[in-house]
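Okay, so here's the structure we're looking at.
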Amino acid sequence: MTIDKKKIAGIVLAILAGLAAAGIIIWQPWNRPEPETKAPVQQIDGDETPEAPGEKGPVLQVGGKEIACTIYEGDGWSIYVPEGWTVREGSGGMWMSRDEAVLEVWRQETADYDGSFASVTAGKDGGRERMLYLADGKGGSWELRGFASNPESWAENEKLMMETARTFRLNGEAPFADWGSLAEEPDWQEAEGMTVLFLDKDGYVLDDEVRKAVEAYMGGWSGETRALFTGEYRVEEIAWISSYSELVEEYVNVFRADVRYELSQEGMERIGDWEFPVQDGCVQPPDGLLLAVYHDGGSVGRTKWLDEGTLESQAGLAAVLAQ
């Protein structure tokens with residue numbers, strides 16, 4: 001029987017309208033890797049001489065409010081920081097607001113991606129993190145991060161943190177000042193066993209693409225690995241984890257699928273070999289499968305799946321997504 005995806009999406013849209021009114025939504029945590037190198041605070045040379053830390057700096061216009069800032073200096077860089085934000089002890093490139101939102105400037109000695117991008121990712125307990133990334137052309141990279149561990153702090157500080165990030169100057173240049181619309185969490189919902197990404201023109205059902213990804217992933221197993229499984233599987237959950245812009249021509253939304261794989265008799269006999277729990281004859285690896293959806297805001301152009309276990313950083317994911 002042929003499934004009319006547009007008809008399904010239309011039905012789901014009606015169902016989800018009621019759910020959206022009730023505020024039902026699912027978030028998937030994203031574990032942020034720790035940065036390698038903290039940027040020290042030093043005097044810089046450039047076209048402008050930033051004021052010393054502690055002196056009153058310029059004013060930013062954010063949400064109709066004027067936010068007084070201080071200009072902080074680093075080794076070849078400077079950035080505006082809102083007054084009242086405190087420097088984290090032992091760090092020259094990390095500041096915290098009173099409600100524990102954090103702004104960071106990091107210089108990495110290595111570059112997992114030789115380009116630039118803006119990303120936003122889901123965090124634990126409804127928190128969020130946004131990152132602006134720039135490879136320096138010398139084997140290293142710069143990362144500007146703004147994050148909050150709870151939704152209230154994120155909502156209060158997100159726009160402010162990004163406006164300060166746009167003031168970042170590196171060797172007299174402002175690499176992020178002219179970036180347009182930054183990556184945002186997409187409009188998506190899960191209901192009635194289907195996960196739908198809402199775009200301007202239509203609702204895009206993700207479930208069939210996820211199943212194709214799972215089967216392609218299993219198809220790459222060695223003969224020895226296949227012998228441990230029956231080939232049956234169940235997708236437990238599909239949820240958004242991150243979005244990218246300034247990476248390729250399209251926007252990229254990444255969803256994570258948690259999958260349980262059914263063990264064969266041989267697999268059950270080797271139950272002691274598994275590093276993660278076996279439940280009801282199935283195993284669910286801690287790493288899921290990722291489905292990247294490329295779109296222009298109105299319609300989906302292509303998709304790509306990835307094994308989450310092969311990725312070590314947001315920049316590493318960006319490098320794969322850019323291909």
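Residue numbers start at 1 and run along the sequence shown.
- Not one N or O on the side chain of Ser119 forms a donor-acceptor pair closer than 3.5 Å with the backbone of Tyr244.
- Taken from NZ in Lys304 to CZ in Arg302, the straight-line distance is 5.5 Å, to the nearest 0.5 Å.
- Annotation for Trp188 and Leu197: closest pair CB-CA, 4.3 Å, computed over non-hydrogen atoms.
- Between Pro58 and Ile71, the closest side-chain pair of non-hydrogen atoms falls below 4.5 Å.
- Side-chain atoms of Leu182 and Arg130, non-hydrogen and from C-beta on, do get closer than 4.5 Å to each other.
- For the side-chain contact (heavy atoms from CB on, under 4.5 Å) with Trp95, the lone residue among Val81, Thr86, Thr70, Val102 that qualifies is Val81.
- Following chains of ILVMFWY side-chain contacts shorter than 4.5 Å, one can reach Leu291 starting from Ile238, so the two form part of one hydrophobic cluster.
- Aromatic ring orientation, Trp142 versus Phe168: tilted (interplanar angle from 30° to 60°).
- Leu60 places a side-chain heavy atom less than 4.5 Å from the side chain of Tyr80.
- Lys159 NZ to Lys65 NZ: the interatomic distance, rounded to the nearest 0.5 Å, is 12.0 Å.
- Closest non-hydrogen pair, Leu134 versus Ser116, comes out as CD1-CB, 4.0 Å.
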Checklist line | Trace of the salt bridge (Lys or Arg N to Asp or Glu O under 4.0 Å) decision for Arg107 with Glu143 | finding: CA-CA 7 Å; Arg107 167 64 168 84; Glu143 297 180 1; over 6 Å; no
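- Between Trp274 and Phe276, the ring planes lie tilted relative to each other; the angle falls in the 30° to 60° range.
- Under the 3.5 Å distance criterion, with hydrogens and angles disregarded, a donor-acceptor pair is assigned to the side chains of Thr303 and Glu209.
- The ring pair (Phe, Tyr, Trp, His ring centres under 6.0 Å) analysis of residues 304-323, with sequence neighbours excluded, yields no pairs.
- Here Trp221 and Tyr233 keep their ring centres 6.0 angstrom or further from each other.
- Side-chain atoms of Ser153 and Glu100 form no donor-acceptor pair, as typed in the model, at a separation below 3.5 Å.
- Tyr251 and Leu199 fall into different hydrophobic clusters, where Ile, Leu, Val, Met, Phe, Trp and Tyr residues are linked whenever their side-chain heavy atoms come under 4.5 Å apart, directly or through other members.
- A donor-acceptor contact closer than 3.5 angstrom is absent between the side chains of Tyr261 and Gln284.
- Here Arg234 pairs with Glu236 in a salt bridge; the nearest charged N to carboxylate O distance falls below 4.0 Å.
- Between the side chains of Thr230 and Glu262, at least one donor-acceptor pair of N or O atoms lies under 3.5 Å.
- Between the side chains of Thr167 and Thr164, not a single donor N or O lies within less than 3.5 Å of an accepting N or O.
- Using modelled atom types and a 3.5 Å distance limit, the side chains of Asp99 and Asn157 yield a donor-acceptor pair.
- The existence of a salt bridge linking Arg256 and Glu308 is confirmed by a sub-4.0 Å separation between a basic side-chain nitrogen and an acidic carboxylate oxygen.
- Relative orientation of the Tyr113 and Phe117 rings is tilted, given thresholds of 30° and 60° on the angle between their planes.
- At a threshold of 4.0 Å, the pair Arg166-Asp178 does not count as salt-bridged, since none of the basic side-chain nitrogens sits closer than that to a carboxylate oxygen.
- Here the CG-CG distance, from Asp287 to Leu311, works out to 9.0 Å after rounding to the nearest 0.5 Å.
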